[in-house]
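Naming convention: chains lettered A, B, ... in sequence-line order (proteins, then strands); numbering from 1 in each chain.
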Protein chains: 2
Amino acid sequence: MKLTSKGRYAVTAMLDVALHQNVGPVCLADISERQRISLSYLEQLFSKLRKAKLVNSVRGPGGGYRLAIAAVDISIGAVIIAVNDSVIATQCKGEKPCTPSGRCLTHSLWNDFSKKMQDFLDSVSLGELMANSEVIAISKKQNMVQGLQNDILHTNQLG
Amino acid sequence: MKLTSKGRYAVTAMLDVALHQNVGPVCLADISERQRISLSYLEQLFSKLRKAKLVNSVRGPGGGYRLAIAAVDISIGAVIIAVNDSVIATQCKGEKPCTPSGRCLTHSLWNDFSKKMQDFLDSVSLGELMANSEVIAISKKQNMVQGLQNDILHTNQLG
DNA sequence: TATATACTTGACTAATTTACTCGGGTTTGA
DNA sequence: TCAAACCCGAGTAAATTAGTCAAGTATATA
Ligand code: FES
Ligand code: FES
């Protein structure tokens, strides 16, 4: 299976949208700043998330992204699949068996394993994550940091 | 997490040893032929498996590898960790948090996920795999193919 | 003891995948 | 009209994985 930074970034970014969309569309620049993910990279990820109909975009100034459906209806698994295509751990990936004489010894093992992983990822929703106390605490902290940075920026601009 | 060919090969090879060690040590050349894994690569893998005390080696002609402990006591997880170091899915890998301000929003999610995966992999032993009907069938087939190939080789040598 | 078998080791390279950048768009609110 | 934001695809750099190679050592057996 592949669970890489790409999938992790996507989940983090989606969670950030979920946590901030109550005050309007969330723009990538803000996510980039709060979550320390490159803006260009976010663009790439959200392009896929939008095609997967997990977010809607609002163009123009004041625009950004909103979740396309309720946070409790978006599973982590769906987010990862949107950016990663698949989570299957067999070598043959459901295509032709990986040895000419047929399935390899461990095909069914990896198949079971893939299912378990998928089940877990499908069982956790963005909504649940939002309600997690650690997530709430970290998010608050991030908002404070961002607020401070904006203040400093503002002061500098005035000065 | 990383579940790549390396780990899959290692499990397949260990299973091959488990299935054939009843007639003496299993040499890498045979595993290579049966499982279609490069001999040099197997050497690399078994070097790690030996260091992890999952197999014992017997040098010299007629030598090869044996499981160091009973097949039912060797978990798939142990095999994968032996060749892959870890299966942890967090970005920080238990070291310093991945953002300067502390844990990222999704740290605990990936942590839970890693645990689940590890639990699954630890819950399956080589012994159980050996008893799996599909594995038995595939193994029989592989033995037949190998037998045939050896016959052809032998005939050629005589002729 | 000669020889072939088979493990042992470490360095090296090729291939693949991942992560990320860049340079141009287009849309739209103020 | 301007600037904020999304949109898109090509291209590249970095990292990881997979696999090779060469030069060993140990040992059973003839
Ligand atoms: S993993 Fe499916 S045949 Fe090998
Ligand atoms: S994954 Fe552990 S802090 Fe981000």
Residues which pass side-chain hydrogen bond (donor to acceptor under 3.5 Å, both in side chains) with [X], listed by chain and number, not counting sequence neighbours:
X: A:Asn111; value: none
X: B:Asp112; value: none
X: B:Thr12; value: A:Thr106

Rounded off to whole Å, could you give me the [atom1]-to-[atom2] distance for the [X] and [N] pair?
X: B:Leu45; N: D:dG19; atom1: CG; atom2: P; answer: 9 Å
X: B:Leu28; N: C:dT5; atom1: CG; atom2: C1'; answer: 12 Å
X: B:Arg36; N: D:dG19; atom1: CZ; atom2: P; answer: 14 Å
X: A:Leu42; N: D:dA5; atom1: CG; atom2: C1'; answer: 13 Å

- prompt: Tell me the side-chain hydrogen bond (donor to acceptor under 3.5 Å, both in side chains) pairs involving residues 62-82 of chain A, sequence neighbours left out?
  reply: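 Found none.
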message: Considering only residues two or more places apart or on different chains, which pairs with a residue in residues 124-135 of chain A satisfy side-chain hydrogen bond (donor to acceptor under 3.5 Å, both in side chains)?
response: A:Ser125-A:Glu128, A:Glu134-B:Arg103
statement: residues 12-24 of chain B vs salt bridge (charged side-chain N to carboxylate O under 4.0 Å, His left out), sequence neighbours excluded, gives B:Asp16-B:Arg34
message: Can you tell me how far apart NZ (A:Lys6) and CG (A:Asn84) are? Round to the nearest 0.5 Å.
response: 6.0 Å
Is there any protein nitrogen or oxygen under 3.5 Å from a nitrogen or oxygen in nucleotides 19-23 of chain C, and what are the pairs?
from	atom 1	to	atom 2	distance (Å)
C:dA19	OP1	A:Ser5	N	2.7
C:dA19	OP1	A:Ser5	OG	2.9
C:dA19	OP2	A:Thr4	OG1	3.2
C:dA19	OP2	A:Lys6	N	3.2
C:dC20	N4	A:Gln44	NE2	3.0
C:dT21	OP2	A:Ser38	OG	2.6
C:dT21	O4	A:Gln44	NE2	3.1

task: Applying side chain to side chain contact (heavy atoms under 4.5 Å, CB included), name anything that partners B:Ala52, two or more places apart in sequence or on another chain.
output: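 B:Ala52 satisfies side chain to side chain contact (heavy atoms under 4.5 Å, CB included) with B:Leu54, B:Ala82 only.
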Strand contacts (DNA chain D) in residues 47-70 of chain B, 4.0 angstrom heavy-atom criterion: B:Arg59, B:Gly60, B:Pro61
